[in-house]
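Source: prediction; values computed, not measured. Just so it is clear: chains get the letters A, B, ... in the order the sequence lines come, proteins before strands, and each one is counted from 1.
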2 protein chains.
Amino acid sequence: MQSQPDALQDIGRVLKQARLASALTQEQVADLAGISRPRYRDIETGSAAARASTLMNIARALGMEMMLIPQAMVPAVEALLRPHDDDDLPAFVSHAEDGDDG
Amino acid sequence: MQSQPDALQDIGRVLKQARLASALTQEQVADLAGISRPRYRDIETGSAAARASTLMNIARALGMEMMLIPQAMVPAVEALLRPHDDDDLPAFVSHAEDGDDG
DNA sequence: AGAATAAGATACTTATACGCATCATTGAAC
DNA sequence: GTTCAATGATGCGTATAAGTATCTTATTCT
């Protein structure tokens, strides 16, 4: 299991997909989110972890909201989003059971 | 509009509620999430912003998953979660239009 | 009253997210 | 082959997330 490193790339993938779907440049998203382009690039490529607040700002800039979903409800939420991802946005999930440790 | 400060407290409120619902101590959650107790406390009280990766770990420790939901789908997702928040978990949302800048 | 546990709070140090400036590479237009 | 736009990538300085240690307070149990 890939705890952080891959979860970051997972997030970055969603951000990039949403950005391209919105026809925005990295610079535009960075500006909307209130961060610099190099920083946004690092986040989108998964080479750096953004703060939760920064990720929220980026998500909003891309027309998304960050939510905490009970794991039991994740499948239902995914099902709700699936028939919708025509061309709009690809709400991601970070499905890593990663051995938190518990 | 209170951009970050309040969104943090919003998140913290959800974390605390989920933690109490799971009958876990701050130390247990911190340990599960791989951070120190003082740090978890700061996050839960909203006095500090965690990294996205840290928030994901905390969420998982509490039986939740972080998801990015298209804004258009947020109401539907909330509706899906509402009849469920009996005693389990209260999937939060950060509904702040906050004037990031855009 | 005293002991144990959970939580609030502080100080010091380290790791890193972020801004800013800069340069290289790619791809499209000329 | 030159110019412009978009992206990838560094280096330096600052802000802050996070670790560790310590102390206090509230609660519970004896």
Side-chain angles (χ1 to χ4, degrees), chain A residues 2-62 66 68 94 98-102, chain B residues 2-64 66 68 94 98-102:
Chain A
Q2 57 289 2
S3 24
Q4 271 84 295
D6 231 49
L8 297 187
Q9 296 180 352
D10 202 0
I11 292 177
R13 223 166 288 135
V14 178
L15 296 182
K16 182 167 189 174
Q17 199 170 337
R19 179 175 65 82
L20 296 179
S22 300
L24 293 170
T25 67
Q26 289 182 342
E27 193 168 22
Q28 288 173 324
V29 176
D31 190 50
L32 285 168
I35 62 176
S36 67
R37 185 184 67 81
R39 266 316 111 184
Y40 176 74
R41 179 204 150 271
D42 287 348
I43 296 167
E44 191 182 270
T45 59
S47 65
R51 295 176 196 159
S53 53
T54 298
L55 182 57
M56 289 169 68
N57 287 335
I58 294 174
R60 293 208 191 105
L62 294 172
M66 196 184 80
L68 295 179
S94 54
D98 89 291
D100 330 324
D101 71 272
Chain B
Q2 53 288 349
S3 25
Q4 269 84 295
D6 232 48
L8 297 187
Q9 296 181 353
D10 203 0
I11 291 175
R13 222 165 288 134
V14 178
L15 296 182
K16 182 168 190 175
Q17 200 170 336
R19 178 175 64 81
L20 295 179
S22 299
L24 293 170
T25 67
Q26 290 182 343
E27 193 168 20
Q28 287 173 324
V29 176
D31 190 50
L32 285 168
I35 61 177
S36 64
R37 185 182 67 84
R39 266 314 111 188
Y40 176 73
R41 179 203 152 269
D42 288 347
I43 295 167
E44 191 182 88
T45 59
S47 65
R51 294 178 198 156
S53 52
T54 298
L55 182 57
M56 289 169 67
N57 287 335
I58 294 174
R60 293 207 190 105
L62 294 172
M64 299 185 290
M66 196 184 79
L68 295 180
S94 56
D98 92 291
D100 331 325
D101 65 274

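Residues A:Leu55 and B:Gln26 both approach DNA chain C. Their nearest nucleotides, taken by heavy-atom distance, put B:Gln26 toward the 5′ side. For the pair A:Arg51 and B:Ile35, nearest-nucleotide mapping onto DNA chain D gives the more 5' position to A:Arg51. For the pair B:Ser47 and B:Arg37, nearest-nucleotide mapping onto DNA chain D gives the more 5' position to B:Ser47. Sequence order on DNA chain C of the closest nucleotides to A:Ser36 and B:Asp42 puts B:Asp42 first from the 5' end.
Between A:Ala49 and B:Ser53, the shortest heavy-atom distance links the atoms CB-OG, 3.9 Å. The heavy-atom pair separating B:Ser22 from B:Leu62 by the smallest distance is OG-O, 4.4 Å. Residues A:Met66 and B:Leu55 come closest through the heavy atom pair CE-CD2, 3.5 Å.
For the pair A:Arg19 and D:dT7, the criterion of a side-chain N or O lying under 4.0 Å from OP1 or OP2 is met. For B:Thr54 and D:dA18, the shortest distance from a side-chain N or O to OP1 or OP2 is below 4.0 Å.
A straight line from CZ of B:Arg39 to P of D:dA18 spans 7 Å, rounded to a whole angstrom. Regarding A:Ile58, its CD1 atom lies at a distance of 7 Å from the P atom of C:dC18, rounded to whole Å. Atom OH in B:Tyr40 sits roughly 15 Å away from atom P in C:dA9 (whole-Å rounding). Atom P of nucleotide C:dA6 and atom CG of B:Leu20 are separated by 13 Å, given to the nearest angstrom. In this entry the distance linking CD of B:Glu27 with P of D:dT20 reads 12 Å, nearest Å. The NZ-C1' distance, from A:Lys16 to D:dG8, rounds to 10 Å in whole Å. For A:Leu24 and D:dT7, the CG to C1' distance is 15 Å, given to the nearest whole Å. Rounding to whole angstrom units, CZ of residue A:Arg41 and P of C:dA24 are separated by 16 Å.
How far CD of B:Glu44 is from CD of B:Gln17: 11.0 Å, rounded to the nearest 0.5 Å. A distance of 5.0 Å separates CZ in B:Arg41 from OG in B:Ser47, rounded to the nearest 0.5 Å. In this structure, CE in B:Met56 is found 14.0 Å from CZ in B:Arg51, a value given to the nearest 0.5 Å.
The overall bend of the helix from C:dA1-D:dT30 to C:dC30-D:dG1, read as the angle between its terminal helix axes built from five base pairs each, is 40° when rounded to 10 degrees.
Side-chain proximity of A:Pro38 to the nucleotides D:dA9, C:dA9, C:dA7 is greatest for D:dA9.
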(message) side-chain contact (heavy atoms from CB on, under 4.5 Å), that's the test. Do B:Ile35 and B:Asn57 meet it? Break it down for me.
(response) CA-CA 9 Å; B:Ile35 61 177; B:Asn57 287 335; over 6 Å; no
